[in-house]
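Read through the structure below, which is laid out as structure tokens, and then see the notes.
Chain A is the first sequence line, chain B the second, and so forth, proteins listed ahead of strands; every chain is numbered from 1.
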Amino acid sequence: MLDIRFIRENAQIVDEALRKRGYGITVDELLSLETERRGLIQKVEALRNRRNIVSDEISRLRRSGEDASALIAEMKEVSERIKGLDEELKGVDGRIRDLLLNIPNIPHSSVPVGEGEEDNVEVRRWGEPRSFDFEPLNHWDIGETLGIVDFERASRIAGARFSLMKGAGARLERALMNFMLELNTSKGYVEVFPPILVNRESMIGTGQLPKFHMELFRTMEPELYLIPTAEVPVTNIHREEILNEKDLPIYYTAYTPCFRREAGSYGKDTRGLIRQHQFNKVELVKFVKPETSYEELEGLTADAEEILRRLGLPYRVVVLCTGDLGFSAAKTYDIEVWLPGQGRYREISSCSNFEDYQARRAGIRFRREGKKGTEFVHTLNGSGLAIGRTLVAILENYQQRDGSVLVPEALRPYMGMDVIR
RNA sequence: GGAGGGGUGGCCGAGUGGUUGAAGGCGGCGGUCUUGAAAACCGCUUCUCGAGCAAUCGGGACGGGGGUUCGAAUCCCUCCCCCUCCGCCA
């Protein structure tokens with residue numbers, strides 16, 4: 001969330017940011033509540049101060065055996081007033097928090113202004129899409145013909161948007177997971193394997209709740225949420241902590257399954273592995289000092305890109321425009337991989353700098369060496385990479401006329417085979 | 001799931017309803033001493049909110065929330081977490 005003091009002093013900047021994102025709200029109501037809040041605080045604190053002074057006085061009188069009943073009577077009334085004001089303040093605080101939790105991050109100045117996907121800006125390309133001397137197939141045709149993915153039985157087991165990987169298909173999921181984790185850890189990311197069910201506070205910390213509850217699977221008794229991305233548990237590793245400056249930056253990488261309701265995407269990518277309720281992903285997460293976070297975003301994106309390069313998969317990088325930017329992000333690069341079966345680039349990684357937005361929600365701070373007080377860290381994360389979509393890209397880019405699929409060089413040690421047939 | 005025992009500052013650990021933001025210790029920082037270091041000694045060591053240009057002043061925080069009271073770390077209720085034993089279980 002944003003700093004209420006920042007909003008107070010920069011209302012027009014925040015309103016402008018909301019407008020660029022296509023939000024039809026302003027901070028007017030928030031500001032008047034904030035004024036009300038401060039007025040209440042001043043009133044209630046003056047009364048508390050009075051009560052503290054008089055309580056000491058009462059204590060002294062009682063010790064010396066004098067009568068304090070008049071003061072006690074007065075304080076009884078003061079306490080009642082404090083109680084009333086406290087309740088009022090609590091109500092105002094609650095309303096301010098509700099509003100604050102629903103205001104998105106402010107886009108970085110380098111983010112292009114635009115309304116949607118079509119306004120995202122390509123920043124670079126790598127690799128040449130392969131030219132086929134036959135008609136390239138969709139990954140679901142390739143996968144079903146090879147018998148390595150079974151959609152029909154998956155839907156019997158769980159329903160639409162689930163998949164059952166078999167044989168070399170299951171092996172490929174595992175190979176990709178190991179390949180990615182090993183590459184990431186070799187660069188200094190610490191491997192973690194976190195809970196994939198998390199509590200409400202964690203979902204609020206990274207920004208999925210309260211606004212996007214429709215996207216999440218939830219359990220009852222106890223109320224827990226299935227993670228839509230490892231970003232949630234991994235960023236929350238340091239929730240409510242004060243880190244030491246010398247501990248930063250902290251890099252984590254995590255493999256987890258991810259679960260998404262995909263509410264509102266009916267009819268989109270109904271066939272194949274592109275859009276599933278459950279998918280595997282390896283994630284990269286960073287906790288850094290504010291002054292380095294944009295440099296770190298470039299590094300994070302480069303780390304994700306390297307995975308595609310090593311797999312020989314052509315891709316492009318786009319910077320998301322203000323209208324397409326995620327709720328908590330200040331800047332995001334999407335990496336899109338070339339899919340011959342679709343004849344276009346599709347998102348395979350999303351690398352974002354959240355600046356202090358998540359850190360403020362989650363209470364993740366650090367203390368500078370020799371300085372008083374604390375600051376919020378900057379958090380970043382990106383897929384490195386979405387495993388299901390990487391598998392799709394391999395099937396489509398490495399398919400051969402006879403229906404077999406070559407295994408990319410880098411993956412062969414993990415697959416134990418050169419070709420899937 | 002059943003029965004008990006606990007949650008206090010970076011850590012360990014005191015704490016009688018009334019100068020206890022909290023003894024003492026450890027750790028950390030600064031200083032004295034020393035050729036240097038150690039030891040010893042001295043001092044300093046939480047976060048947060050509000051007012052103010054500032055110096056500074058005031059409020060709050062002893063797992064979370066509520067209650068009793070003029071006043072709560074201390075009493076009561078409730079939730080969460082940890083530990084031990086029993087049961088169950090991958």
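Here A:Leu71 lies out of heavy-atom contact (under 4.0 Å) with every strand. Counting any heavy atom pair closer than 4.0 Å across all strands shown, A:Arg365 reaches sugar-phosphate atoms only and no base atom. At the heavy-atom level, A:Asn49 lies under 4.0 Å from the strands shown only through sugar-phosphate atoms. Among the heavy atoms of the strands lying under 4.0 Å from A:Lys90 are primed sugar atoms or P, OP1, OP2 only; no base atom is included. Across all strands, A:Thr374 comes closer than 4.0 Å only to sugar-phosphate atoms, never to a base (heavy-atom distances).
With no hydrogens or angles considered, a side-chain donor-acceptor pair links A:Glu173 and A:Asn280 at under 3.5 Å.
Of the C1' atoms belonging to B:C82 and B:A90, the separation is 23 Å, rounded to the nearest Å. Between B:A14 and B:A22, the distance separating the two C1' atoms is 10 Å to the nearest Å. Between the P atoms of B:A38 and B:C33, the separation comes to 15 Å (whole Å). Atom C1' of B:G24 sits at a distance of 31 Å from the matching atom of B:C76, rounded to the whole Å. With P as the reference atom, B:G5 and B:G9 are 23 Å apart, rounded to whole Å. Across B:A23 and B:C44, the matching P atoms stand 12 Å from one another, rounded to whole Å. Separation of the P atoms belonging to B:G31 and B:G71 is 48 Å when rounded to the nearest angstrom.
For A:Ser55, counting side-chain heavy atoms from C-beta on, the closest listed nucleotide (B:G71, B:G50, B:C47) is B:G71. Minimum atom distance to the side chain of A:Lys83 is reached by B:U68, of the listed B:U68, B:C49, B:C47. Distance from the side chain of A:Arg51 is smallest to B:C70 among B:C70, B:G50, B:U46. Comparing B:C47, B:G59, B:G67 by their closest approach to the side chain of A:Glu45 singles out B:G59. Closest approach to the A:Gln42 side chain among B:C47, B:G71, B:A51 is made by B:A51 (side chain taken as heavy atoms from C-beta onward). Closest to the A:Arg48 side chain, of the nucleotides B:C70, B:G60, B:G18, is B:G60.
Taking the six-membered ring for Trp, A:His238 and A:Phe366 have ring centres at least 6.0 Å apart. Residues A:His108 and A:Tyr294 place their aromatic rings such that the two centres sit under 6.0 Å apart.
In terms of polar N and O atoms assigned as donor or acceptor, the side chain of A:Arg60 never comes within less than 3.5 Å of the base of B:G18 in a complementary pairing.
RNA chain B is contacted by both A:Ile242 and A:Val44; A:Ile242 maps to the nucleotide lying nearer its 5′ end (nearest heavy atom per residue).
Between B:U19 and A:Ser59, no contact under 4.0 Å exists linking OP1 or OP2 to a side-chain N or O. Between B:C49 and A:Arg38, no contact under 4.0 Å exists linking OP1 or OP2 to a side-chain N or O. One finds no side-chain N or O of A:Arg50 lying less than 4.0 angstrom from the OP1 or OP2 phosphate oxygen of B:C70. Phosphate contact (OP1/OP2 of B:G60, side-chain N/O of A:Asn52, threshold under 4.0 Å): present.
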For residues 405-414 of chain A, which side-chain donor-acceptor pairs fall under 3.5 Å, sequence neighbours excluded?
unit_1   : atom_1 : unit_2   : atom_2 : d
A:Arg412 : NE     : A:Val407 : O      : 2.8
A:Arg412 : NH2    : A:Val407 : O      : 2.9
A:Tyr414 : OH     : A:Glu182 : OE1    : 2.9

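Ionic pairing of A:Arg365 and A:Glu241 is not present here: no N-O contact between side-chain nitrogen and carboxylate oxygen is shorter than 4.0 angstrom.
Every pair passing ring pair (Phe, Tyr, Trp, His ring centres under 6.0 Å) that includes a residue from residues 188-220 of chain A is listed here, sequence neighbours excluded: A:Tyr189-A:Tyr251, A:Phe212-A:Phe327, A:Phe217-A:His277.
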Would you write out the dot-bracket form of RNA chain B, 5' to 3', with Watson-Crick and G-U pairs under 3.5 Å, [ ] for crossing pairs, | for pairs to other strands and . for unpaired bases?
-> ((((((((.[[[..)..(.....]]]((((((.......))))))((((((....)))))).[[[[[..)....]]]]])))))))....
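Under the 3.5 Å distance criterion, the side-chain polar atoms of A:Thr206 are matched with a main-chain donor or acceptor of A:Ser202. Between the side chain of A:Asn397 and the backbone N or O of A:Ala393 there is at least one donor-acceptor pair closer than 3.5 Å. Between the A:Ser349 side chain and the A:Ser383 main chain, a donor and an acceptor come within less than 3.5 Å of each other.
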